[in-house]
Amino acid sequence: QVQLVESGGGLVQAGGSLRLSCAASPPTFSTYARGWFRQIPGKEREFVATISWRTTVTMYADSLKGRFTISRDNFNNTMYLQMNSLKPEDTAVYYCAAGPKFTTLWDEFDYWGQGTQVTVSS
């Protein structure tokens with residue numbers, strides 16, 4: 001059974017940093033593209049970043065370029081999201097996702113983690 005497990009969320013002051021992790025299993029799942037999305041209650045799920053698992057190609061939401069960095073560890077089948085210079089408006093539940101397509105569209109990802117809360121205080 002496919003599983004994605006996020007970790008690393010928490011409370012941080014504005015200007016601080018957090019690193020989210022997303023561990024995936026089983027190993028045969030390793031060829032899928034991975035992505036990060038975030039959601040605030042009452043709003044649509046928002047694209048954050050995505051990374052191809054076969055290459056190092058990445059895409060970011062324009063508003064987050066330069067502050068967020070997506071990366072992967074193929075050996076451990078884990079994806080990361082390094083978030084720097086955090087702002088209160090970055091507060092959301094962050095989800096990792098996996099799917100066969102390299103895309104920014106949340107409904108084209110097949111598998112989702114349970115989400116991890118990130119709260120940025122002002």
Side-chain angles (χ1 to χ4, degrees):
Q1 186 174 348
V2 172
Q3 271 198 317
L4 299 174
V5 179
E6 300 107 333
S7 60
L11 174 64
V12 64
Q13 286 191 329
S17 298
L18 281 175
R19 189 176 82 153
L20 305 182
S21 300
C22 175
S25 61
T28 52
F29 193 52
S30 63
T31 59
Y32 275 33
R34 310 289 171 83
W36 289 100
F37 292 78
R38 65 186 185 184
Q39 191 167 24
I40 300 168
K43 292 196 174 183
E44 279 196 5
R45 195 160 292 192
E46 177 189 15
F47 169 72
V48 173
T50 187
I51 186 166
S52 170
W53 217 247
R54 296 185 181 275
T55 69
T56 58
V57 176
T58 58
M59 288 194 289
Y60 294 91
D62 287 342
S63 62
L64 301 177
K65 285 179 183 176
R67 293 196 299 122
F68 288 17
T69 303
I70 190 172
S71 62
R72 69 183 197 222
D73 177 345
N74 284 3
F75 181 78
N76 291 309
N77 213 2
T78 300
M79 174 178 67
Y80 303 98
L81 184 69
Q82 178 67 42
M83 304 185 293
N84 297 328
S85 302
L86 283 163
K87 305 175 181 179
E89 51 264 43
D90 294 318
T91 296
V93 177
Y94 284 70
Y95 296 91
C96 70
K101 295 177 65 174
F102 181 58
T103 177
T104 64
L105 303 177
W106 70 267
D107 56 354
E108 294 190 344
F109 283 85
D110 294 337
Y111 303 100
W112 292 86
Q114 80 285 357
T116 186
Q117 177 70 46
V118 171
T119 303
V120 184
S121 63
S122 57

Single-linkage hydrophobic cluster Val57~Phe37, side-chain heavy atoms < 4.5 angstrom: yes
Minimal non-hydrogen separation, Trp36 against Ser21, with atom names: CH2-O, 3.7 Å
Ile70-Phe47 co-clustered via ILVMFWY side chain contacts under 4.5 Å: no
Under 3.5 Å donor-acceptor, Thr78 side chain and Asn76 backbone: yes
Test item: Val48 and Met83 side chains (from C-beta on) under 4.5 Å apart, heavy atoms: no
Cluster overlap Tyr95 with Phe102, hydrophobic side-chain contacts below 4.5 Å: yes
Shortest non-hydrogen contact from Ser17 toward Asn84: OG-OD1, 2.9 Å
Crowding at CH2, Trp106 (>12 non-hydrogen neighbours, <6.0 Å): no
Minimal non-hydrogen separation, Pro88 against Ser122, with atom names: CG-CB, 3.8 Å
Shortest non-hydrogen contact from Ala24 toward Leu4: CB-CD2, 3.5 Å
Any donor-acceptor N/O pair, Thr116 side chain to Tyr94 backbone, under 3.5 Å: no
Passing candidate, side chain to side chain contact (heavy atoms under 4.5 Å, CB included) with Tyr60, options Thr69, Thr50, Ile51, Thr104: Thr69
Side chain to side chain, Met79 and Cys96, heavy atoms closer than 4.5 Å: yes
Non-hydrogen side-chain atoms of Thr91 and Arg38 separated by less than 4.5 Å: no
Cluster check Tyr80, Val93: I/L/V/M/F/W/Y, side chain < 4.5 angstrom: no
Ser121 versus Leu11, closest heavy-atom pair with distance: CB-CD1, 4.3 Å
Ala33 versus Phe109, closest heavy-atom pair with distance: O-CE2, 4.2 Å
Student check: side-chain heavy atoms of Glu46 and Ile40 closer than 4.5 Å: no
Side-chain touch Leu86/Phe68, heavy atoms, less than 4.5 angstrom: yes
Check: Gln114 main-chain N/O paired with Glu6 side-chain donor or acceptor under 3.5 Å: yes
Side-chain heavy-atom pair Tyr32, Tyr111 within 4.5 angstrom cut-off: yes
